[in-house]
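All remarks here apply to the structure that follows.
Quick note: numbers below take in every heavy atom, side chains included, and nothing from hydrogens, waters or symmetry partners.
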Amino acid sequence: MRAVHLLALGAGLAAASSAMANESVLKGIANPAEQVLQTVDYANTRYSKLDQINANNVKNLQVAWTFSTGVLRGHEGSPLVVGNIMYVHTPFPNIVYALDLDQGAKIVWKYEPKQDPSVIPVMCCDTVNRGLAYADGAILLHQADTTLVSLDAKSGKVNWSVKNGDPSKGETNTATVLPVKDKVIVGISGGEFGVNCHVTAYDLKSGKKVWRGHSQGPDADMIMDPEKTTHLGKPVGKDSSLKTWEGDQWKTGGGCTWGWFSYDPKLDLMYYGSGNPSTWNPKQRPGDNKWSMTIWARNPDTGAAKWVYQMTPHDEWDYDGINEMILTDQKIDGKDRPLLTHFDRNGFGYTLDRATGELLVAEKFDPVVNWATKVDMDKGSKTYGRPLVVSKYSTEQNGEDVNSKGICPAALGTKDQQPAAFSPKTNLFYVPTNHVCMDYEPFRVTYTPGQPYVGATLSMYPAPGSHGGMGNFIAWDGVKGKIIWSNPEQFSAWGGALATAGDVVFYGTLEGYLKAVDSKSGKELYKFKTPSGIIGNVMTYEHKGKQHIAVLSGVGGWAGIGLAAGLTDPNAGLGAVGGYAALSSYTNLGGQLTVFALPNNN
């Protein structure tokens, strides 16, 4: 019998105390009444031990209260709850509200940064922000203009702030942060502007920069040891990145880091993915373009890279690799293995040994994926670990100014940033997905700092010959690499999932539905239409002994960019506007938090 259990962060890993993590974060993770990280725990499982709301009574959920954020555009991420205070964030201008749950969600303080609105057109795919983090009495916010801010959690006063990038060069931020030990780890956006991307560690108390590791370039820039850093079990070797770029192209190479971070206190490694190489025209950047499209394992103290795995060498389709890395401990062939599971934009679900980077599983998590036949799992093969690309769908082989049609998935991937969840009760991952294909025509483009550096025209549409919709919500076995059940959705399931000990999984849809399904069967148990499309992540907390479910609604993001930015050209929004044009018949703009609870007699 295969046994699976969560990283018992803050409990089973008691030996890995504050010396190996952050005591305040571990304490918050261990208390299911609170949520201190966007990912719920360091392992990115998005699993809650709360079970008051369960598969039998979830049908009785009612709206308990609501809160308007006062901001339009796409609302990603989720609130945090620390003690009796809820912290709510917004898209640009990145307002933060502290709400007192003991006083009817009274606004205790409000932080409203003064950001230059010129950052808005430099943000690729809407003005979203994936949320706050809490550590050591501070709320941590990484603003759109790349200003990293530490706010006093009680007063909202700015402890310190530091600039992580330069929007005039195309550097922006949409991501949350990772507080670990005495540091806070942040990424950067800007792949569509030719940014040379990186992750950076700042001191949690002072904001002083500690280290920065780039996604490509010289070994020193990447904090990569040619002999000690491995790829599929072998040393990467000297100049592993430089050898895969032509000339100085790595300097505008993208590889951005706007996704999620996870951390294993026992191994003392943090994990994240790097994004697409720049430009989107593969003909202009010969080579594998390492280390874009890569899973990274780094030491959080020094930034040193322990291992890397490049999923999509020489990306030809904009299949960013930034999606979350979910950490579980599982038995494989009777042996306990520390695992990392990743649902990539490219349509493959990967499972690796997170200690060594060994590739264990790579299977399609949507059957329509066609750009590659499979990932080569033969360790004796010259193409081991690489996807076997289908020539018909290769934008590189078809060439510039040629429209390659029927590529599945589309550039926004089988899954974008919307995070999956994992339940130790079922040993399954719950994945909100996109069921979308595209036509892709690359063209030559010139790099100019601060200007779009894309070089491709796209159109997107529902996967042909399928259920007619643009999404599925699936349950996935990460050891077998197999879909267990799949629920079709009219539009992409763009809201992050939450699994709970009550045997219920929650997620949101682009039309605005909060949905609850049975964790074992996928049967729909409850749905409620919120005022706007949901691209936020469902969260849960307990207040005065009562469990609540909360979700931000506010349509936008890449899929909803047409509505969010008022775009009508079908090819605008990097191809998404035409694909999601029908969305305007089902929802409208508006930022709102909706909180649910059971009636008092339940």
Side-chain angles (χ1 to χ4, degrees), residues 38-39 46 68-69 71-79 88-92 94 123-132 144 173-176 189 258-260 320 322-324 343 345 410-421 430-436 460 469-473 489-498 506-515 527-539 549-565 567 573-574 576-577 579-584 586-594:
Q38 292 294 317
T39 53
R46 297 193 49 78
S68 173
T69 67
V71 178
L72 302 179
R73 307 294 292 248
H75 284 59
E76 290 184 349
S78 73
V88 180
H89 72 287
T90 77
F92 184 92
N94 306 134
M123 300 182 77
C124 155
C125 312
D126 202 9
T127 59
V128 298
N129 185 284
R130 293 181 192 94
L132 311 165
N173 176 70
T174 55
T176 187
S189 301
W258 51 274
W260 305 94
D320 274 271
I322 58 83
N323 292 347
E324 70 284 355
F343 299 95
R345 287 255 290 268
L412 43 67
T414 300
K415 190 180 88 64
D416 199 86
Q417 61 77 37
Q418 63 269 41
Y430 301 96
V431 193
T433 73
N434 313 313
H435 193 56
V436 185
M460 303 183 191
M470 301 180 76
N472 294 296
F473 187 78
E489 286 289 344
Q490 181 175 0
F491 295 101
S492 295
W494 207 269
L498 174 75
F506 296 90
Y507 68 101
T509 73
L510 274 173
E511 313 98 292
Y513 283 107
L514 170 75
K515 292 192 174 185
K527 71 175 182 179
F528 179 90
K529 186 87 180 292
T530 66
S532 185
I534 295 175
I535 63 169
N537 307 328
V538 188
M539 63 88 69
I549 302 292
V551 67
L552 286 167
S553 58
V555 73
W558 191 357
I561 190 65
L563 268 175
L567 305 176
L574 300 171
V577 172
Y580 292 86
L583 193 56
S584 62
Y586 293 87
T587 192
N588 208 341
L589 300 182
Q592 177 174 301
L593 175 71
T594 308

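The structure places CZ of F473 at 8.5 Å from OH of Y430, a figure rounded to the nearest 0.5 Å. In this structure, CG in L583 is found 7.5 Å from CD in E511, a value given to the nearest 0.5 Å. Expressed to the nearest 0.5 Å, how far CG of D416 lies from CD1 of I322 amounts to 6.0 Å. Rounding to the nearest 0.5 angstrom, the gap separating the OG1 atom in T176 from the CH2 atom in W260 is 6.5 Å. Note that CG of N129 is 5.0 Å distant from CG of N94, once rounded to the nearest 0.5 Å. Note: L510 CG to M470 CE = 8.5 Å, rounded to the nearest 0.5 Å.
By the 4.0 Å N-to-carboxylate-O rule, R46 lies too far from E324 to be salt-bridged with it.
The two residues E489 and T509 make their nearest non-hydrogen contact at OE1-CG2, 3.7 Å. Here the closest non-hydrogen pair linking G556 and A564 is CA-CB, 3.8 Å. Taking both residues in full, the closest heavy atoms of P432 and A420 are given as CD-CA, 4.0 Å, listed atom of the first, atom of the second, then distance. The two atoms that bring G259 and A175 nearest to each other are O-CB, 3.8 Å, heavy atoms only.
Y513 and Q490 form no side-chain donor-acceptor contact under 3.5 Å, judged by distance and modelled atom types alone. For the 3.5 Å distance criterion, the side chains of N537 and S78 fail to qualify, holding no donor opposite an acceptor. Side-chain atoms of R130 and T174 form a donor-acceptor pair, as typed in the model, at a separation below 3.5 Å. Checking H75 against S553 by side-chain atom types alone, no donor-acceptor pair falls below 3.5 Å.
Contact check for H435 versus F491: no side-chain heavy atoms found under the 4.5 Å cut-off. Between L574 and C124, the closest side-chain pair of non-hydrogen atoms falls below 4.5 Å. With contacts defined as side-chain heavy-atom distances shorter than 4.5 Å, the pair L514/T594 does not qualify. Side chains of F528 and K515 form no contact here, defined as non-hydrogen atoms less than 4.5 Å apart. Annotation: side chain of M539 is in contact with side chain of P79 (closest heavy-atom distance under 4.5 Å). A heavy-atom distance below 4.5 Å is found between the side chains of I549 and F506. Side-chain contact between V88 and L552 is present, with at least one heavy-atom pair separated by less than 4.5 Å.
A donor-acceptor pair is defined here as one N or O able to donate and one able to accept, closer than 3.5 Å; no such pair exists between the side chain of T587 and the backbone of S584. Here the side chain of R73 pairs no donor or acceptor atom with the backbone of V555 at under 3.5 angstrom. Here the side chain of N323 pairs a donor or acceptor atom with the backbone of F343 at under 3.5 angstrom. Formation of a donor-acceptor pair under 3.5 Å by the D126 side chain with backbone atoms of V128 is not found in this model. Proximity of a side-chain donor or acceptor of N434 to a complementary backbone N or O of V436 within less than 3.5 Å is not detected. No donor-acceptor distance shorter than 3.5 angstrom exists from the side chain of Q418 to the backbone of T433, with no hydrogens or angles considered. Checking side-chain atoms of W558 against main-chain N and O of G573 turns up a donor-acceptor pair under 3.5 Å.
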Test log, rule side chain to side chain contact (heavy atoms under 4.5 Å, CB included), inputs N588 and S532: CA-CA 6 Å; N588 208 341; S532 185; 5.9 Å; no
R345/K415 under side chain to side chain contact (heavy atoms under 4.5 Å, CB included): CA gap, chis, key distance, verdict: CA-CA 5 Å; R345 287 255 290 268; K415 190 180 88 64; over 6 Å; no
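Tested against Y580 for a side chain to side chain contact (heavy atoms under 4.5 Å, CB included), the candidates L563, I561, L412 yield a single pass: L412.
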